[in-house]
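Letters A, B, ... mirror the listed sequences (proteins, then strands); counts begin at 1. All values derive from a computational prediction rather than experimental measurement.
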Amino acid sequence: MSSKVRVRFAPSPTGPLHIGGVRTALYNYLFAKKHGGDFLLRIEDTDQTRYVPGAEDYIIEALKWCGISPDEGIGGEDRGNGPYRQSERKPMYMDYVNELVANDKAYIAFDTAEELDQMRELAKAAGAANWQYNYITRGNMKNSLTLPKEEVEAKIAAGEPYVVRIKLPRDHEVRFEDIIRGWVSVNTNNMDDKVLMKADGMPTYHLANIVDDHLMEITHVIRGEEWLPSAPLHIMLYEAFGWESPSFAHLPLLLKPDGPGKLSKRDGDRLGFPVFPLEWTNPETGDVASGYREFGFFPGSFLNMLALLGWNPGTEQEVFSLEELVQAFDLSKVSKSGAKFDFEKGKWFNQLYLRKLNETELASLLKTELDKAGYSINEAHLGKVATMMSERATFPQDLVNEGTYLFERPSAYDEKALKKWNDESPAMVGDLIARFDALENFTEAEIEASFKAYLAEKELGFGKVGPVFRLAVTGMGMGPSMFTICEVLGKKETLARMNAAVEALA
RNA sequence: GGCCCGUUCGUCUAGCGGUCCAGGACGCUGCCCUUUCACGGCAGAAACACGGGUUCGAUUCCCGUACGGGUCACCA
């Protein structure tokens, strides 16, 4: 009888979540929902020096925008496993650390950060490999393993700062089966006695993580590959406590599209696209980093894009709603190697999502964008214009930007299109003005019929008059059907523009 | 550098010993549609890192090399 699936996303509030973090949260969410389990959000803020105000709210808002809010924990329900912020759990960790020390699974160490740095430098100067605080070196350091018991007690009584380190056994092969990578094996000889509790009394990530995952009954730990090297330590910790370890799944990293390395927060807008779900203003510098939401992405397309970065269902389906992702998701189909992030594919997804919208939805998007840009049009035309512009838009703002001539008179004429304008043009436009002016209902169909009748009468080709007509009305050399544009503009405005063009370009 | 993980088109990837002179998608190129642009349709270029094994047979299994990534804090 297996217990209920419970997973957690446990970010550190050191700044905005980047898209790699969002993907980790997404995979956790998908896995939980697929198995009818719980998705928790825990804040790992054991490092007080790195706390960034606003980061926690940002994380909650980002998940909410994506539609993958946690069931339990920060931003979700408190189901009695809280607090869900590690800084608020500080007193709880002490007992566990003491238990480990009492059972000879951990020890107290007095070495200062400076002394440790010195050891590392010395080792480096001697050309040795990494200096490690381990089964060999701990015998020469200042700790409860080397110092007499009375001295240890005296130091503690005197208020001397100390840390607690795990006491790793010598030459022990640590093995665990990663859901994505299969068996991973590391010898304790290559590991060191990591600090479990810092001098300030706060646990390190390693200790807090294990204690909390155990207490919160986490069944599956799904996290980035950057944690793979410390997974053996975590296994040792579970063993030290005598607890059953959860299953692990280490996700491949999101890599920079250009140079080497993983996509990082610092990449910001250097690459010409957002790396954060929502816009973020650095509270210290005031710098603003763009977000996918503000860039015009839909939560659905954003998630769809992220989901396929490192996972695929094994079929040729690429477009998924969140519900479909839940159904199709499978951790064993997550790939092993890192994925270079490709913004072009993301844009494609957004374009696809935009086109799936119906006329009412598009009209509402257009209205919002028009308001933002300070434009307004006859509400009756909203749907027509939105639909017309949607096929050349990737983002909602393109609905306006790709056709500003629909909302204001052209202030200039496109240089390239201007080449189509010649000596005969004013007369042609003049003829059209006269014809259009006579139209009863200035509708798309009527305008088209009138225009074509004119072509037939003068025995002119569409290519001869069309571009000139377009230039006069929109100032452009390309765009959607002129007849639709004219109907939207209305007779008065269309004729006014044509007259203005004749005057300006004569 | 030590340790760990990985390696199929430019990119994301399918492939779990013969179905693969390797499939899909983004991007790119060409053609068609079209007054133009866009959309759409069609077509095309484009990859199994290398070397050894194992096997009747390797993209698929094993080993090595190369390359890439991660990690080596009283940060997570």
Side-chain angles (χ1 to χ4, degrees), chain A residues 10-14 44-47 49-50 86 109 111-113 116-117 120 124 127-133 161-165 178 180-182 184-187 189-192 194-206 208-209 223-232 250 252-253 255 257 260-262 305 308-319 333 335-349 351 355 388-393 402-403 417 420 451 455 461-471 474 476-483:
Chain A
S12 211
T14 55
E44 310 224 321
D45 56 349
T46 53
D47 185 0
T49 66
R50 294 215 306 160
Q86 290 183 329
D111 317 276
T112 64
L116 294 173
D117 283 345
R120 283 188 263 265
K124 199 177 169 188
N130 274 327
W131 183 83
Q132 295 192 132
Y133 204 121
Y162 66 91
V163 301
V164 175
R165 288 179 178 274
D178 187 278
I180 295 167
R181 285 150 214 288
V184 175
S185 169
V186 180
N187 192 290
N189 289 354
N190 293 315
M191 297 164 62
D192 63 357
K194 280 274 181 295
V195 170
L196 301 179
M197 197 181 73
K198 299 180 269 189
D200 63 1
M202 270 290 196
T204 57
Y205 163 83
H206 303 294
N209 190 266
R223 63 201 345 179
E225 192 185 353
E226 70 266 30
W227 293 111
L228 195 51
S230 51
H250 289 93
L253 265 18
L255 272 20
K262 63 174 173 176
M305 159 188 78
L308 267 334
L309 235 37
W311 169 85
N312 80 84
T315 66
E316 285 178 0
Q317 184 178 354
E318 286 206 286
V319 182
K333 285 203 170 296
S335 52
K336 297 181 176 71
S337 49
K340 282 190 185 169
F341 182 69
D342 179 19
F343 189 60
E344 289 305 317
K345 188 100 182 204
K347 290 204 295 200
W348 176 74
F349 273 116
Q351 194 175 47
R355 298 226 177 88
M388 177 170 81
M389 297 315 293
S390 69
E391 64 191 35
R392 61 207 73 216
E402 291 293 312
K420 297 277 184 184
F451 183 86
L455 292 185
F462 210 135
K464 192 88 175 161
V465 191
V468 170
F469 176 33
R470 180 180 296 281
L471 178 72
T474 71
M476 305 286 285
M478 56 194 192
S481 162
M482 277 311 296
F483 311 119

N or O in side chain of Lys336(A) less than 4.0 angstrom from rU8(B) OP1/OP2: no
Side chains of Asp47(A) and Tyr205(A), donor plus acceptor under 3.5 Å: no
Any N/O donor-acceptor pair, Arg50(A) side-chain to rC75(B) base, under 3.5 Å: yes
Residue matched to rU65(B) through Watson-Crick or wobble contacts both under 3.5 angstrom: rA49(B)
Sugar-phosphate, base or nothing in reach of Met197(A), heavy atoms under 4.0 Å: nothing
Sugar-phosphate only, base, or nothing, as touched by Thr112(A) at under 4.0 Å among non-hydrogen atoms: base
Touch class at under 4.0 angstrom, heavy-atom based, for Ser481(A) against every strand present: base
Length of the line joining Met191(A):CE and rG70(B):P, which is rounded to integer Å: 21 Å
Non-neighbouring partners of Asp192(A) that pass side chain to side chain donor-acceptor pair (under 3.5 Å), sequence neighbours left out: Lys194(A)
side-chain N/O Lys340(A) vs rG6(B) OP1/OP2, d < 4.0 Å: no
Interatomic distance, Trp227(A) CH2 vs rC4(B) P [rounded to whole Å]: 20 Å
Sugar-phosphate, base or nothing in reach of Lys420(A), heavy atoms under 4.0 Å: nothing
Touch class at under 4.0 angstrom, heavy-atom based, for Val163(A) against every strand present: base
Whole-Å gap separating P (rC9(B)) and CG (Asp342(A)): 15 Å
Salt bridge present between Arg181(A) and Glu225(A) (N-O < 4.0 angstrom): yes
Touch class at under 4.0 angstrom, heavy-atom based, for Arg181(A) against every strand present: sugar-phosphate
Lys198(A), NZ atom: more than 12 neighbouring heavy atoms under 6.0 Å: yes
Phosphate OP1/OP2 of rA14(B): any Asn312(A) side-chain N/O under 4.0 Å: yes
Length of the line joining Lys194(A):NZ and rC3(B):C1', which is rounded to integer Å: 11 Å
Touch class at under 4.0 angstrom, heavy-atom based, for Lys262(A) against every strand present: sugar-phosphate
Interatomic distance where CG belongs to Leu196(A) and C1' belongs to rC74(B) [whole Å]: 11 Å
Touch class at under 4.0 angstrom, heavy-atom based, for Ala339(A) against every strand present: sugar-phosphate
Under 3.5 Å on both distances, the Watson-Crick or G-U partner of rC9(B): none
Sugar-phosphate, base or nothing in reach of Gly127(A), heavy atoms under 4.0 Å: nothing
Nearest-neighbour nucleotide for the Arg355(A) side chain, rG40(B), rC5(B), rA76(B) considered: rG40(B)
Sugar-phosphate only, base, or nothing, as touched by Gly310(A) at under 4.0 Å among non-hydrogen atoms: sugar-phosphate
Trp348(A)-rC26(B) aromatic stacking (under 5.5 Å, under 30°): no
Touch class at under 4.0 angstrom, heavy-atom based, for Thr49(A) against every strand present: nothing
Parallel, tilted or perpendicular, as decided by the 30° and 60° cut-offs, for the rings of Phe343(A) and Phe341(A): tilted
Spacing between Asp111(A) atom CG and rA73(B) atom P, to the nearest angstrom: 14 Å
rG1(B) base / Asn130(A) side chain donor-acceptor hit below 3.5 Å: yes
Partner nucleotide of rC42(B) by Watson-Crick or wobble geometry (both distances under 3.5 Å): rG30(B)
Partners passing side chain to side chain donor-acceptor pair (under 3.5 Å) against Thr14(A) (at least two apart in sequence or in another chain): Lys265(A)
Lys345(A) NZ - rC26(B) C1' separation (whole Å): 4 Å
Separation of atom CH2 in Trp311(A) from atom C1' in rA14(B), rounded to whole Å: 13 Å
OP1 or OP2 of rU13(B) under 4.0 Å from side-chain N/O of Ser335(A): yes
